[in-house]
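Fair warning: this is a prediction, and the values are worked out from it, not measured in the lab.
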There are 2 protein chains.
Amino acid sequence: MDRIDRELLNLLQRDASRTNAYMADEVGLSPSSCLRRIRRLRQAGVIDRIVAILNPAKAGRRLRAVVTVELRLHGEPNTRQFLDLAAREEAVTQAHAVTGEVDAILMLRLRDMEEYDALCHRLFQNRTNVARYWTMMVIRTAKDETAIPLE
Amino acid sequence: MDRIDRELLNLLQRDASRTNAYMADEVGLSPSSCLRRIRRLRQAGVIDRIVAILNPAKAGRRLRAVVTVELRLHGEPNTRQFLDLAAREEAVTQAHAVTGEVDAILMLRLRDMEEYDALCHRLFQNRTNVARYWTMMVIRTAKDETAIPLE
DNA sequence: GCATCTTTGCAATTTTATTGCATGCTGGAC
DNA sequence: GTCCAGCATGCAATAAAATTGCAAAGATGC
């Protein structure tokens with residue numbers, strides 16, 4: 001993982017649709033060397049995957065929300081069980097166990113409030129292990145970056 | 001945006017590194033038709049970009065945190081100012097204005113607690129418009145999906 | 001039902017990725 | 001400092017993939 005690898009990763013994190021020749025030129029390598037480095041980074045698992053990022057507005061998922069969740073029964077197996085339940089939901093894009101006043105935090109992508117309502121019923125009502133939850137609807141997003149900063 | 005477009009988008013959201021011929025076969029189209037659809041989806045902005053998703057652990061950003069922020073002065077211009085400040089930070093991967101008990105929420109990717117400490121000083125200390133903030137360190141991530149669910 | 005505009009598949013062409021191989025560089029042992 | 005082993009590199013050839021023109025099929029509006 002030298003300087004060139006980091007440059008390549010940064011390029012790929014911004015736009016992975018460019019040709020190998022372009023990126024080779026960008027980092028000052030021959031196409032073959034560049035390709036072999038990228039392949040190595042993939043096989044080593046540094047690059048997890050290459051994906052298309054959609055425009056949420058044009059894909060019909062306009063609403064975004066963050067939900068913090070306090071569980072009734074805390075501790076590992078209970079938290080895990082709740083997270084697994086949440087992870088199965090399409091609208092849940094991220095599900096984390098966290099430190100602090102709450103036990104878990106969910107990021108949602110919703111079509112409308114109807115979907116939110118239905119989701120709440122499935123995840124937070126009676127039978128589940130949820131004591132309380134707080135929903136924050138996203139008003140405006142100033143930054144939304146998939147790239148991980150490399151030193 | 002018919003069934004085939006949605007299938008293509010779903011394929012691309014999971015793995016955009018496959019060949020056009022493979023995806024054409026997957027959705028039952030000829031390579032040329034498939035390519036033209038994908039190009040159209042890109043030009044229409046439905047596909048925003050194609051990016052590499054790195055493995056955070058192997059890229060040296062092991063810590064993840066969610067920070068909720070209550071501002072001293074609420075309202076549009078103040079919120080915007082804070083978000084813009086936060087967005088300029090490398091470690092901030094997401095910055096949202098939200099409804100609820102707090103005004104903003106930040107998602108962080110950190111190398112270590114030292115970086116967290118430095119970030120807090122820059123974003124939350126004295127001169128800034130922050131009244132209080134609550135940090136939730138991510139213990140475990142059960143789901144972390146970039147794909148947007150398409151009906 | 002007809003004319004028009006769009007999408008499709010095929011085949012040819014162009015571009016891009018991939019590989020073998022010889023060379024050069026790097027770091028460690030002595 | 002010198003030698004050696006192990007990699008990374010660039011070049012050129014090859015294989016694979018993307019891209020385009022064109023004619024036919026399909027959808028849309030009147």
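Atom OG1 in B/Thr141 sits 13.0 Å away from atom NZ in B/Lys143 (nearest 0.5 Å). One finds the CE atom of B/Met1 at 10.5 Å from the CG atom of B/Leu8 (value rounded to the nearest 0.5 Å). The CG atom of A/Asn129 lies 8.5 Å from the NE2 atom of A/His74; values are rounded to the nearest 0.5 Å.
Clustering ILVMFWY residues whenever any of their side-chain heavy atoms sit less than 4.5 angstrom apart, transitively, puts B/Val69 in a cluster other than the one holding A/Val67.
Atom CZ of A/Arg49 sits in a crowded spot, with more than 12 heavy atoms from other residues, nucleotides or ligands closer than 6.0 Å. No more than 12 heavy-atom neighbours from other residues, nucleotides or ligands sit within 6.0 angstrom of CD on B/Glu101. Environment of NE2 in B/His121: sparse, with no more than 12 heavy atoms of neighbouring residues, nucleotides or ligands closer than 6.0 Å. Other residues, nucleotides and ligands place more than 12 heavy atoms under 6.0 Å from the CD atom of B/Glu70.
Of the residues in residues 40-53 of chain B, none lies under 4.0 Å from DNA chain C by heavy-atom distance. Listed by residue number, the members of residues 1-8 of chain B with any heavy atom below 4.0 angstrom from DNA chain C form an empty set.
Under the side chain to side chain donor-acceptor pair (under 3.5 Å) criterion, B/Glu114 pairs with no residue at all, not counting sequence neighbours. Qualifying side chain to side chain donor-acceptor pair (under 3.5 Å) partners for B/Arg18, counting only residues two or more places apart in sequence or in other chains: none.
In this structure, the helix from C/dG1-D/dC30 to C/dC30-D/dG1 shows an angle of 50° between the axis at its start and the axis at its end, each fitted on 5 base pairs and rounded to 10°.
Between A/Thr19 and A/Met23, every side-chain heavy-atom pair lies at or beyond the 4.5 Å cut-off. Here the side chains of A/Leu41 and A/Val46 are in contact, with some heavy-atom distance below 4.5 Å.
Between the CG atom of B/Leu29 and the C1' atom of D/dA25 there is a distance of 14 Å, given to the nearest Å. One can place CD1 of A/Ile38 at 15 Å from P of D/dA8, the figure rounded to the nearest angstrom. The distance from atom CZ of A/Arg37 to atom P of C/dA17 is 17 Å, rounded to the nearest whole Å.
Each of B/Val98, B/Ile105, B/Thr135 was compared with B/Thr68 under the side chain to side chain contact (heavy atoms under 4.5 Å, CB included) criterion, and only B/Ile105 meets it.
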Per-nt protein contacts along nucleotides 13-21 of chain D (heavy atom under 4.0 Å; B base, S backbone sugar-phosphate only, - none) come out as ----SSBBB
